[in-house]
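Below: the structure, in structure tokens.
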Amino acid sequence: MLITEADIEKLATLARLEITEEERRALTPQIASIIAYVEQLNELDTSEVEPAIGGLTPEGERTPTMRDDEVRPSLGQKVALEEAPDPALGYFRVPKVL
Amino acid sequence: MSYLDCDLEELRQKIVSREVSAREIVARALDAAEKLNETLNAFLAIDRRGAEARAAELDQSLGKLPATGPLFGIPIAIKDNICVRGLQTSCGSRILGDYHPPYDATAIERLRAAGAVIIGKTNCDEFAMGSSNENSAYGPVRNPWDIERVPGGSSGGSAAAVAARIVPIALGSDTGGSVRQPAALCGIIGLKPTYGRISRYGLVAFGSSLDQIGIFGLRARDVAKVLSVIAGRDPHDATTADVAVPDYAAQLVPDAKGVRLGVPRALFGEGLDPEVRRAVEGAIEAYRDLGAEIVEVELPHAKYSIACYYIIATAEASSNLARYDGVRYGFRAEEADELIEMYRRTRDQGFGAEVKRRIMLGTFVLSSGYYEAYYRKAQQVRTLIREDFHRAFARCDAIITPTSPTPAFLLGEKTDDPLKMYLSDVYTCIVNLAGIPGISVPCGLSSSGLPIGMQLVSRHWDESTLLRLAHAYELAHPLTARPPVAANW
């Protein structure tokens with residue numbers, strides 16, 4: 001399919017990326033050529049094929065992963081905030097939302 | 001005679017018997033790391049203080065504890081996308097920059113418990129996205145065999161650190177070849193185990209259905225030893241499987257008798273460097289001499305693997321990297337008045353070009369109207385690829401291919417064309433799609449003196465066969481040449 005600079009701008013918005021005009025001009029043909037390349041999958045008839053979801057092996061599928069729902073120690077507020085760029089009063093502070 | 005001519009068990013014995021102290025061994029690795037880093041840029045952080053303290057603690061514990069761990073006193077390097085408490089985990093990205101995780105990855109916890117000493121964090125392509133290590137925000141790693149060439153990627157720093165004999169062992173991560181390809185380009189062993197073999201808890205996520213922690217080493221026996229330590233079910237990672245972990249090193253035998261080795265001839269054609277082809281064909285003959293039965297196999301959907309891989313990997317990456325938003329950890333752009341603007345500026349300034357490209361591609365293949373045509377289609381092709389291997393493994397026990405279509409390329413050679421770079425993964429990414437284990441083993445040098453690697457892959461959970469084949473080959477055909485940039489402690 002045809003990829004335009006407007007498509008790239010829309011993707012950047014969806015992906016919460018800000019791109020410069022220069023980046024947009026560079027990305028448009030690059031993304032277009034990669035998409036053209038991956039479209040070779042359309043040569044294959046997959047109408048009868050189940051999609052492989054996740055990467056689990058059959059043994060991985062069979063491994064029980066449920067546990068009892070019980071209280072366990074966690075990082076705690078102090079440690080969890082230590083790497084935050086702008087912590088305040090025990091919270092993550094962000095610029096205004098609206 | 002250098003200590004690195006010993007395997008890990010011999011080195012451990014020397015430390016445990018007090019022939020040499022853990023402190024001295026660790027100091028030698030630290031000295032080598034510091035000295036060679038100016039040339040190689042393999043380390044993003046070297047933890048002299050922490051490593052020396054830990055080594056001293058181990059020396060003092062001798063004789064007091066009932067047992068010493070299987071990696072007692074062994075210095076090790078860790079790719080900078082695996083969490084080590086107290087050290088940075090930048091993932092080669094500005095967006096995580098000075099991030100210090102508050103916990104250890106499960107693999108790290110197990111290494112520490114076994115007595116290993118972490119000497120530092122290694123450089124890598126940003127978020128493990130790349131095949132040359134040129135996508136690191138902290139500059140490329142250089143190949144110890146030729147510093148004008150790439151070490152491969154994305155775990156280029158770990159591969160270079162082992163190849164340059166700074167450490168005998170290092171961890172990396174492998175989503176589409178990021179352990180095996182740099183191992184090949186640097187002339188060492190690189191193992192990507194079965195999906196679910198090693199816990200991914202504490203490995204920064206890129207493509208969650210493809211990622212595995214992998215092991216670099218100078219010899220198969222060492223890699224086997226480390227795999228036994230870090231493999232196995234972990235309640236912190238629901239995708240680890242409840243499958244027994246053998247003592248891999250104890251299973252090694254020096255031949256290939258009774259092994260049926262599959263050769264997918266169709267993959268030895270277009271795009272393959274003639275010297276690489278000759279080297280791998282030589283290895284096939286060597287395996288015949290070692291007692292293997294050589295059989296022809298087909299992987300009819302292999303030619304679709306890069307297309308399939310780059311849809312699935314970018315889709316998963318775009319979701320996984322949504323968490324870097326400047327709120328809870330890492331970098332935040334300063335000059336933003338409202339939230340969405342803050343997100344966008346943070347991600348614009350924090351991510352490099354390749355990461356942005358993959359986030360955009362992943363966003364595209366998952367977006368409304370295209371999901372069915374691209375992402376679901378790729379998942380269906382992934383099923384076909386898995387079935388190819390299932391059929392092939394009915395006829396053979398392992399499959400041999402080159403690891404990389406060429407030896408190490410020049411820095412800058414492929415940076416202008418992302419698609420050309422992606423084609424470096426032609427032999428490796430199919431293995432992650434199938435979830436099977438793969439190993440790269442050195443199988444010679446090119447006429448210009450660059451290492452060449454062969455890749456062996458086997459059935460789910462059968463790392464034993466890979467390690468055995470690697471061991472048998474390296475005993476019969478050891479790579480005796482050393483890279484020009486190397487320590488020798």
Side-chain angles (χ1 to χ4, degrees), chain A residues 1 3 7-8 10-20 23 26-27 30-31 33-44 46-67 75 79-86 92-98, chain B residues 99-100 102-103 194-196 209-210 233 235 238-243 301 304 307-308 310-311 318 322 325-332 336-345 347-348 351 356-357 359-361 363-364 367 374 376-384 386 418-419 435 460-461:
Chain A
M1 68 169 283
I3 303 287
D7 294 323
I8 295 298
K10 184 175 168 230
L11 285 175
T13 306
L14 285 172
R16 298 278 190 258
L17 289 168
E18 191 174 74
I19 53 170
T20 61
E23 282 178 310
L27 276 165
Q30 287 173 348
I31 301 266
S33 75
I34 298 167
I35 288 170
Y37 177 82
V38 302
E39 282 176 347
Q40 64 176 287
L41 298 190
N42 294 332
E43 293 167 15
L44 292 167
T46 53
S47 51
E48 304 290 313
V49 182
E50 280 295 311
I53 296 165
L56 289 182
T57 61
E59 293 76 11
E61 299 272 5
R62 284 199 297 272
T63 298
T65 53
M66 303 295 274
R67 61 167 172 80
L75 283 182
V79 176
L81 284 166
E82 267 169 7
E83 292 290 325
D86 188 16
F92 299 107
R93 182 160 55 192
V94 295
K96 72 175 189 234
V97 176
L98 289 172
Chain B
Y99 172 67
H100 285 66
Y103 66 100
T194 310
Y195 184 79
S209 78
L210 304 158
R233 171 92 185 121
T239 63
T240 52
D242 201 358
V243 173
H301 298 96
Y304 299 104
C308 180
Y310 275 93
I311 292 173
S318 73
D325 58 6
V327 174
R328 289 153 300 162
Y329 38 72
F331 167 79
R332 174 189 293 191
D337 297 331
E338 56 84 38
L339 186 66
I340 303 287
E341 191 188 353
M342 188 279 280
Y343 289 158
R344 294 186 69 171
R345 293 225 170 134
R347 290 162 64 81
D348 176 50
F351 290 136
K356 285 183 193 169
R357 201 148 43 223
I359 289 174
M360 302 270 274
L361 266 170
T363 304
F364 171 77
S367 61
Y374 293 91
R376 190 181 151 85
K377 182 84 183 179
Q379 288 180 311
Q380 289 171 314
V381 175
R382 188 174 186 178
T383 297
L384 296 175
R386 290 181 155 229
L419 190 54
H460 288 143
W461 313 110

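Order of the sequence lines sets the chain letters (A, B, ...), proteins ahead of strands, with each chain counted from 1.
A:Arg16 and B:Asp325 are not joined by a salt bridge, as no carboxylate oxygen comes within less than 4.0 angstrom of a charged side-chain nitrogen.
For A:Leu27, the part lying near chain B is the side chain, with the backbone staying farther off; criterion is any non-hydrogen pair under 4.5 Å. When heavy atoms are compared at a cutoff of 4.5 Å, A:Gln30 approaches chain B solely by way of its side chain, counted from C-beta outward. For a residue to count as touching a neighbouring chain, one of its non-hydrogen atoms must lie under 4.5 Å from one of that chain's; by this rule B:Ser318 does not touch chain A. Heavy-atom distances place no part of A:Asp7 under 4.5 Å from chain B, backbone and side chain included. Residue contact with chain B, scored on non-hydrogen atoms closer than 4.5 Å, involves the side chain of A:Ile3 exclusively. Looking at B:Ala378, the atoms closer than 4.5 Å to chain A (heavy atoms on both sides) sit in the backbone and in the side chain alike. Proximity to chain B involves both the backbone and the side chain of A:Thr13, based on heavy atoms less than 4.5 angstrom apart. For B:Val243, the part lying near chain A is the side chain, with the backbone staying farther off; criterion is any non-hydrogen pair under 4.5 Å. In this structure, no portion of B:Tyr103 lies under 4.5 Å from any heavy atom of chain A. Contact of B:Ala336 with chain A is made through the backbone alone, with heavy-atom distances under 4.5 Å. There is no contact between B:Leu210 and chain A, counting heavy-atom distances below 4.5 Å. For chain B, the nearby parts of A:Leu44 are the backbone and the side chain; heavy atoms of each come within less than 4.5 Å. Of the two parts of B:Arg328, the backbone and the side chain both hold a non-hydrogen atom closer than 4.5 Å to a non-hydrogen atom of chain A. The part of A:Arg93 that comes within reach of chain B is its backbone (N, CA, C, O), which places non-hydrogen atoms under 4.5 angstrom from that chain.
In terms of heavy-atom pairs under 4.5 Å with chain B, the best-connected choice from A:Thr20, A:Ile8, A:Leu41, A:Ile35 is A:Leu41. Of the listed residues B:Pro418, B:Gly435, B:Gly196, the one with more heavy-atom pairs under 4.5 angstrom with chain A than any other is B:Pro418. Your options are A:Arg62, A:Glu50, A:Glu61, A:Arg67, and the one with the most heavy-atom pairs under 4.5 Å with chain B is A:Glu50. Top candidate by heavy-atom pairs under 4.5 Å with chain B, chosen from A:Thr65, A:Ile19, A:Thr46, is A:Thr46. In terms of heavy-atom pairs under 4.5 Å with chain B, the best-connected choice from A:Ile31, A:Ile34, A:Val97 is A:Ile34.
For the salt bridge (Lys or Arg N to Asp or Glu O under 4.0 Å) test, residues two or more places apart in sequence or in another chain that qualify with B:Arg376 are B:Glu372. The ring pair (Phe, Tyr, Trp, His ring centres under 6.0 Å) check on B:Tyr195 picks up nothing, with sequence neighbours excluded.
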Checking side chain to side chain contact (heavy atoms under 4.5 Å, CB included) for the pair B:Tyr374/A:Glu39: CA distance, chi angles, key distance, verdict? CA-CA 8 Å; B:Tyr374 293 91; A:Glu39 282 176 347; 2.4 Å; yes
Evaluate side chain to side chain contact (heavy atoms under 4.5 Å, CB included) for A:Glu23 paired with B:Asp348, printing each intermediate quantity in order. CA-CA 11 Å; A:Glu23 282 178 310; B:Asp348 176 50; 3.6 Å; yes
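Of the possible polar contacts, one joining the A:Glu83 side chain to the B:His100 backbone as a donor-acceptor pair under 3.5 Å is found. Without hydrogens or angle criteria, B:Arg344 side chain to A:Leu17 main chain gives a donor-acceptor distance under 3.5 Å.
If you check the side chains of B:Tyr329 and A:Glu82, you find no donor sitting under 3.5 Å from an acceptor.
When all heavy atoms are compared, the tightest approach of A:Val49 to B:Gln380 is O-NE2, 3.0 Å. Shown here for B:Pro102 and A:Val79, the closest heavy-atom pair between the two residues is CB-CG1, 3.5 Å. A pairwise comparison of heavy atoms in B:His460 and A:Pro58 identifies ND1-CD, 4.0 Å as the closest pair. Considering every non-hydrogen atom in both B:Arg347 and A:Ala15, the closest pair reads NH2-O, 3.0 Å.
Side-chain atoms of B:Thr240 and A:Thr63, non-hydrogen and from C-beta on, never get closer than 4.5 Å to each other. Taking the side chain as every heavy atom from C-beta outward, B:Lys377 and A:Val38 never approach each other to under 4.5 Å.
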